[in-house]
Structure formats: structure tokens, C-alpha cells
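Below: the structure, in C-alpha cells.
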Amino acid sequence: MNTATAPSAALLPEVPAAQQLQRCAQRRAELARRIADAGGGVALLPTAPERMRNRDAEFPYRHDSYFYYLSAFGEPYSLLALVVERDGSHHSTLFCRARDPERETWDGLRFGPDAAREIFGFDAAAPIDELDALLPALLRDRAAVWWPFGVHEGLESRVQSWLQSVRAQARSGHRAPAAQYDLCALLDDMRLFKDDHELQLMRRAAAISCDAHRRVMRAAGAQAGPDLREYHLEAELLHAFRAGGAQAPAYGSIVAAGANACILHYRAGNAALQRGSLCLVDAGCEFDGYASDITRTFPVGGRFSGAQRELYEIVLQAQQEAIAATRPGARFHEPHEAALRVLAQGLLDCGLLSRDAVADVDGVLESGAYRRFYMHRTSHWLGMDVHDCGDYAEPGEAARRLPDASLQPASRILRAGMVLTIEPGLYVRAAPDLPARFHDLGIRIEDDVVVQARGDCEVLTAAAPKTVSEIEQVMHG
Ligand code: GLY
Ligand code: MN
Ligand code: MN
């Protein structure tokens, strides 16, 4: 279907690894099986659009995670259509840009439909310009159409117009799909469980990010000068990410000096790193489409003060107990609860919470008094997206009544292959009622873990220094 002449047939963009292409084909087959179980139909899945940053400058392009999960195809202006029969047999069509020698000279090489079909293993491919003309025929006489609800601006009206085109053929005896379903509902659950290839990529992302955190600690260590600023440490991160082969940061890096660490979504800014103050760095790279997400907190100059160390050890113990609670069969909320108990005890012991106001750990938890110092959850799913998709409630289970009488969905049962972060913290803003030695200390420790079949979890980010002695050692070179 593609007639444009390419600059040279041999000149193509980089081809993904064979294992990745094979995994994508397996995922398309698995999705087809799930659609067949629901009566068959057609799945439509576009990739992300290019986005303008300002005037004619674009943001760096990033594919849509769902689309890439099923295709490994990284070009914009692409859409995957998967026609699924009731027995699970399926037929895939990739719509992508046709080859165009002139545009490729300016914007970069393209596969074009023919090479894309052959290399990526689709059953068919066609130029994206022919989408409106060809799609109604794919939807004709199918039971249902599946597409990602609420993800792509304008997709809903395009789907309606394709359905309208099919309805216009009613007098020829053709019927339009009678049902529409959210494709994300099927894909979210598939993406929640990482296969061996995905775990390989996540280990690689984690390893590069661990190197980056070590590099940052060294830069902020014994040799740190008076002019060291947050952006200098961000530069160390970016260097390590790209030097390690990662494509980009997985999210905006947080480099927060001193009191800035108490602002949860602070980004790397201009603030000077004062010797003896703490610095919180929350940063991870994306490698071949997979995120890592690490937080470390260290003292500028490389020695924890007594008060810093006191709070740090509480957060560290909370994090270690949360990791120990992360195993198959446990619920998603269990690591959070394990962390909360340690934090609550620590807040009482160090005097940030007064025993006159809350008698014991249970009192701290029931009253929610810890929320002044710990206001976020301990975990989120991690994968292609840093806050990855996947239901946090166990499917098919009724909501439960909690001790505080609220009705909450039963939290997800952890199973092998799920990847989540473990990231407790304590954030103490200066206030007259709090001991001065803790003022403006913000501490978070975050690792990425995989639930393992053997009964515990693998810490992907264990190579980033975490104990007081490990951190002080790295910072002193
Ligand atoms: N970096 C975002 C998070 O830790 O969730
Ligand atoms: Mn993080
Ligand atoms: Mn996180």
C-alpha cells in the first residue's frame, strides 16, 4: 500500500531487539484472548501525539506507553488496530507514516508501513493518511470496539465518526459494533505484571539510576564547595543517565536543598547547598521505555549531624520494615502500615509528637497525628510510567469496613511480577512547637522492588547507598 520511494531501502531507524518484538506479539495474543473472552471485537490504540513546547519547538517525543507495550513502535502518528475473533484468533494492522524522502531528510528516518509490518511482525500495515478510509471496514460487523477512554484528546469523536461510516452502510447489510469498552481496563491489568524482558529493562534502568545517585553523592561530598547549587547536582544526574544509555529522566528530577525537601513536588532549582544541611534527591531514568524511581537524602559535606541522623534512622527502619512486608500474598497497604508503625514510634521517641497528646503508636495511627510529618503513601506501581497503571483494589472483592467505620476497597493482593516503590519519609517544617534541632529537615528513602514468587521481593535499586555509613563512605570518596 506504500508507494513512496525511500531514500534507500537499507536506511531505516534502529530496530528493537528480537526479544522485545517477540514479547509484543505475545502481548497482542494475550490481549486478543481477553477480548475474545469478552465476546470479541476490535481494539484501537493510537500512540501519543507530538507536543509543542513553544512556537515551533517541540517537546522531546515520547510514545504512548500502552501503544509501545503492544508494538515496540516508537514513531508518532501511528495507530494499532487489532481485530479479534471469538476464538481468540486475531489480525493486527499498524497505521504509520508513509516513507517520505524529503520529510525524512528534515525529521529523521521512518520505517514506513511495508518495513514496519515485516520487521515488527504485524499482519498488515497502511499509511496513517488512509486511516479514515480504511478503519470503517475493520469495524464492520464486529461485536464491540475497544479503545482507551479518556486518554487521547479527540479520539472519542474519531471513533464515533468511524462508527457513523459503518452505520451508513446499513442498507448493504452491515452492522456497526453495538458496544464500546475501555481498552485500558484490559491493558492495565496486563501491564501490572512485568514479564522477564520488562524486568531486565527495569533492572537496567535501576542500575543506571543507582550510578547517578552515587555520582550525586560524590559531588556533594567532602569536596563540595560553597557555590554548589541544586542544578549542579541535577547536571550530575543528567550526565549519568545519558552516559549510562538511558534516553531521559523518567520524571522531573527533584533536587531539594535544606527546607526545600519539605515541598513534596519541588524540582531542581537554584538554591545553594549549605554545608551540613540535608539534600533530598528523587530522580530516576527511563531506559527503553521503563522507569526507575529512587530517592536518597544525604548531608552536604558528607557527615550527618546528630538530629539528622536521628530522623534518618527512623525513616530507614520504616523503609526496611516496609520492604520486609512486601511479599506475595500480602496486601498493597501492608508495607505502608509497616512503615507507619515505625514512623509513629519514632515520632514519639524523638519528641516530635508529644506523649501527652497521643499516648502510643496506636494513638498516633488512629488520630492521624503522623500526617503533619508524613502526608503521602508509601508505594505506587512502577513500570513504563513512573506512577504506573494498575488497580490498587483487588478485583472482584467487595469494599471493607475499616476500624474508623469508613468503607474502603479491599487493597490489592501482591503477586509475583508486580513492581512497586517503597518510599516513606518525614518532613519537619520549622514551627515554634517543634524541637529546633529538627526544623526544616526533609527525608525520604525510596527503592523499587519486584514481588517474587519465592516469597519476598527483589530490591532493584539496592546499589544506591542507603545506610548512614554507606552514604558517608561514598561521600568521602
Ligand atoms: N518521583 C515521584 C514519586 O516518588 O512518586
Ligand atoms: Mn520518587
Ligand atoms: Mn515514587
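For ligands, and for the atoms within them, numbers begin at 1 and follow the listed sequence. Just so it is clear, the model here is predicted, and its values are computed rather than measured.
Scanning all protein heavy atoms for the shortest distance to atom 4 (O) of ligand 1 gives Glu423 OE1, 3.0 Å.
In the vicinity of Glu446, heavy-atom distances shorter than 4.0 Å reach the ligand 1 atoms 4 (O). Near His380, the atoms of ligand 1 lying under 4.0 angstrom from a non-hydrogen atom of the residue are 3 (C), 4 (O), 5 (O). Annotation for ligand 1: atoms under 4.0 Å from non-hydrogen atoms of His387 are 2 (C), 3 (C), 5 (O).
Residue Asp293 places a heavy atom under 4.0 Å from ligand 1.
Side-chain polar atoms of Asp447 and Thr461 form a donor-acceptor pair below 3.5 angstrom. Between the side chains of Tyr66 and Asp188, at least one donor N or O sits under 3.5 Å from an acceptor N or O. Side-chain contact of Glu321 with Gln317: a donor-acceptor pair under 3.5 Å is present, judged by distance alone. Under the 3.5 Å distance criterion, with hydrogens and angles disregarded, a donor-acceptor pair is assigned to the side chains of Glu50 and Tyr77.
At the Mn ion (ligand 3), the angle from NE2 in His380 to OD2 in Asp293 is 90° when rounded to 10°.
In summary, Glu423 places no N/O/S atom under 2.8 Å from the Mn ion (ligand 2), failing the contact criterion.
Atom CE of Met190 and atom CD of Gln26 lie 10.0 Å apart (nearest 0.5 Å).
Residue contacts with ligand 1: Arg444 is placed with no nitrogen or oxygen under 3.5 Å of a nitrogen or oxygen of the ligand (distance criterion only).
Of all the heavy atoms in Phe373 and Leu352, the pair that sits closest is CZ-O, 3.8 Å. Contact between Arg215 and Ala240 at its shortest, heavy atoms only, is CD-CB, 3.9 Å.
Looking at Glu446, its N, O or S atom nearest to the Mn ion (ligand 3) turns out to be OE2.
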